[in-house]
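Here is the structure we will look at, set down as structure tokens.
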Amino acid sequence: MEGGAYGAGKAGGAFDPYTLVRQPHTILRVVSWVFSIVVFGSIVNEGYLNIPDEAEGGKEFCIYNRNPNACSYGVTVGVLAFLTCLLYLALDVYFPQISSVKDRKKAVLSDIGVSAFWAFLWFVGFCFLANQWQVSKPKDNPLNEGTDAARAAITFSFFSIFTWVGQAVLAFKRYQIGADSALFSQDYMDPSQDSSMPYAPYVEPTAGPDPTGMGGTYQQPANAFDAEPQGYQSQGY
């Protein structure tokens, strides 16, 4: 598999949107992008509660056990994951135009590392939000406001773990494929067309049967340019 293993064609090829949107890693990026919107959007819109008659004077607090760090973590990871998805979608579009072998390798390796890192962050986020939601006190939210949004953020944090792990796995497979194909080579040439290869020996046609079926092979004498000059030699008297 050549450049299509990562991107929409060979190095220097034209951008093909149809090929790009059919790539599994592109689909996972879009899904991860949507999940990140759901997570940080749910927390920003309904993750902070405000009870006017409270002694605190109506101060807002995080729906997750009144822990502001939980809401902040969910929003931060969601927004950064959103931006990361956009960045790597742009890289997928630009990848076929990258002619440098080293740059293509770096792009795929960074995809592996970044995807694995975000899978870890989403795992931490899921555990953190789920734990804080579990220990939340019913008296903090007697009207059950924003509970659906809180659960949605936890659920899609969990789903995001697998979408980012999937991206890391696909990137690793693309790296393995690229190491044995034209993915990381912009100057691939058929060895038979390489002018730097030595010429094949001249095969002399034969008029009769040849036991080897190959005819006589012409070979230049090893001393063709070192032989003593032939002809008249002076005689000593």
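Each residue takes its place number in the sequence, starting with 1. Values reported hereafter were calculated over all heavy atoms of this structure, with side chains retained and with hydrogens, waters and symmetry mates removed.
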Ring geometry between F159 and F35 (parallel below 30°, tilted from 30 to 60°, perpendicular above 60°): tilted

Polar side chain donor-acceptor pair, N50 to E60, under 3.5 angstrom: no

Donor on one side chain, acceptor on other, S115 and Y88, under 3.5 Å: no

Do [X] and [Y] share a hydrophobic cluster, counting only Ile, Leu, Val, Met, Phe, Trp and Tyr and linking them when any side-chain heavy atoms are less than 4.5 Å apart?
| X | Y | answer |
| --- | --- | --- |
| L28 | W122 | no |
| L109 | V169 | yes |
| L91 | F172 | yes |
| W33 | F158 | yes |
| V44 | V38 | yes |

What pair of heavy atoms forms the shortest contact from [X] to [Y], and how long is it?
| X | Y | answer |
| --- | --- | --- |
| V108 | A171 | CG1-O, 3.4 Å |
| S160 | T163 | O-OG1, 3.0 Å |
| E46 | G146 | OE1-CA, 3.6 Å |

Within 6.0 angstrom of W133 CH2, more than 12 heavy atoms from elsewhere: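 Yes.
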
Neighbour count above 12 (heavy atom, 6.0 Å) for Y48 OH: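 Yes.
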
Contact check, side chains of [X] and [Y], non-hydrogen atoms, under 4.5 Å:
| X | Y | answer |
| --- | --- | --- |
| Q167 | R29 | yes |
| V124 | Y73 | yes |
| S36 | W164 | no |
| D148 | R151 | yes |
| T155 | F126 | no |
| V34 | I37 | no |
| F40 | I43 | no |

Sidechain-backbone polar pair: [X] side chain, [Y] backbone, donor-acceptor under 3.5 Å:
| X | Y | result |
| --- | --- | --- |
| N45 | G41 | yes |
| Y64 | Q134 | no |
| N65 | N67 | no |

Carboxylate-amine/guanidinium contact K106 D111, below 4.0 Å: no

side-chain contact (heavy atoms from CB on, under 4.5 Å) between Q23 and D92, worked out: CA-CA 10 Å; Q23 298 294 331; D92 291 339; over 6 Å; no

Side-chain hydrophobic cluster, 4.5 Å single linkage: members besides V135: none

Rounded to the nearest 0.5 Å, what's the gap from [atom1] on [X] to [atom2] on [Y]? Could you check?
| X | Y | atom1 | atom2 | value |
| --- | --- | --- | --- | --- |
| F162 | S32 | CZ | OG | 12.5 Å |
| L49 | I63 | CG | CD1 | 4.5 Å |
| S136 | N131 | OG | CG | 9.0 Å |
| R66 | K137 | CZ | NZ | 8.5 Å |
| L129 | S42 | CG | OG | 11.0 Å |
| H25 | K173 | NE2 | NZ | 13.5 Å |

Can you give me every donor-acceptor pair (side chain of residues 74-87, partner residue at least two apart or in another chain, under 3.5 Å) with its distance?
unit_1: T76; atom_1: OG1; unit_2: S72; atom_2: O; d: 2.7
unit_1: T84; atom_1: OG1; unit_2: L80; atom_2: O; d: 2.7
unit_1: T84; atom_1: OG1; unit_2: W118; atom_2: NE1; d: 3.4

